[in-house]
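Below: one structure, written as structure tokens.
Protein chains get the first letters and strands the later ones, always in sequence-line order, with residue 1 at the start of each. Keep in mind that the numbers below use all heavy atoms, side chains included, and drop hydrogens, waters and symmetry copies.
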Amino acid sequence: MNKKPFPSMLVLGSLAFAGVLTGIVLTFWVAPVEGSLGIVQKIFYFHVPSAISSYIGFGLCGIASIAYLLKPAKWADRLAQAGAELGVVFATCVLITGPLWGYKSWGTYWEWEPRLTSMLLTFLIYVSYLLLRQFGGEGEMARKVGAIMGVLGLVGIGIIRISVTLWGGVHPQVVTGKGGGIHPSMKPAFYTCFVAFMVLSAVLIWLRVRIAQQADEIESLHLLAGDVEYDLEKNQ
Amino acid sequence: MSSSSRRPARLLHAAFALLLLLLAGSASSLLTPSTAVAEEQSEAKPAAAKAEETKMVTGFEPGTNEEQVSGFNLMVIAYLAFWGVLFVYFLSLVGRQKKLKGELGELKARLDALEERTKE
């Protein structure tokens, strides 16, 4: 088993760290305070990239789950689990930071409007997926049911994406859709955070997949050792 | 635990401390102008208004929560929660890696014992 991380992983990790630090500096020292919402709008620079990272995580889980259902392979299962974990972590961040920002702009922490509700439901689908994988055993059935849940979550992502366009709601559409966009002076901070979060997501996925891969290798070596022990005892 | 195995954990702690320092620096830089403005406003208040403020409280009246929770506080809570969640996840990954290292040690001992038995 390879003990040392790949050099490219270290490079990516350093890039993610430098990107996040630059993002913080740009957010607080360069980007101006927004006119109508005030300082609370600075949540936006981490809230939106987190949301995109969670979509990437859930999307990876869904696609890897389809691959697993078509042709069961360990890599697809590992990738699906890593994607679901990443998605749940970033969606937790989104579901915490969003209401705090919403409180200032809507006067309430939570609105049962299409985007927020569909985000919460998708998050719960992937939390259920992770619970199933954690406590449902290592059997083929648990993997397949998990994969079906992963695919089901993909529908949720589609609903989150089109919810505002189809059903309206109070969630702002600043970056996409018919939103007014962001002021040029805010763009460096936003795009730096966006790129940094994409790199950070890649690093976290990579780390998680490697851990799962190493766990599988150790388990197969334990099985092999068990076979050798059995043979030795039989021959004695 | 060897010093080489502690290095990543130390690096991680140092990185988190740096992030916290940056966030604290950001918070202080944002607080300074608002405090100055607040001081200016308080100086500009007429003496009658100041006297009204310093009156003894004789009863409580309900207010709205919206007035009490400032945007700054919400932002600080959001950032702390955000980095807290990410840090906890990162720690869980480090924990899982450590557990694997322990299992690898066990496996090595088992294989060494097997090798000895095979030689016998």
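Both the backbone and the side chain of B:Phe82 have a heavy atom closer than 4.5 Å to some heavy atom of chain A. Proximity to chain B is limited to the side chain of A:Val20, based on heavy atoms less than 4.5 angstrom apart. Heavy-atom distances place both the backbone and the side chain of A:Phe46 under 4.5 Å from chain B. When heavy atoms are compared at a cutoff of 4.5 Å, A:Thr27 approaches chain B solely by way of its side chain, counted from C-beta outward. Contacts of A:Leu224 with chain B are absent, with no heavy-atom separation under 4.5 Å from either backbone or side chain. In this structure, chain B has heavy atoms under 4.5 Å from both the backbone and the side chain of A:Glu233. For a residue to count as touching a neighbouring chain, one of its non-hydrogen atoms must lie under 4.5 Å from one of that chain's; by this rule B:Leu111 touches chain A with the side chain only.
For A:Glu85 and B:Arg96, the salt-bridge test passes: some basic side-chain N is under 4.0 Å from an acidic carboxylate O. Taking the charged nitrogens against the carboxylate oxygens, A:Glu34 and A:Lys42 have no contact shorter than 4.0 Å, which rules out a salt bridge.
Side-chain atoms of A:Leu200 and A:Phe90, non-hydrogen and from C-beta on, do get closer than 4.5 Å to each other. With contacts defined as side-chain heavy-atom distances shorter than 4.5 Å, the pair B:Glu103/B:Leu107 does not qualify. Contact of the A:Trp112 side chain with the A:Leu120 side chain is registered, since non-hydrogen atoms from C-beta on lie closer than 4.5 Å.
If you tally non-hydrogen atom pairs under 4.5 Å between each of B:Ala81, B:Ala78, B:Gly84, B:Ala113 and chain A, the highest count goes to B:Ala78. No other option in A:Leu100, A:Leu221, A:Leu207 has as many heavy-atom pairs under 4.5 Å with chain B as A:Leu100.
Counting non-hydrogen atoms of neighbouring residues, nucleotides and ligands closer than 6.0 angstrom, the CD atom of A:Glu229 exceeds 12 such neighbours.
Classification of the A:Phe190-A:Phe44 ring pair by plane angle, with boundaries at 30° and 60°, yields parallel.
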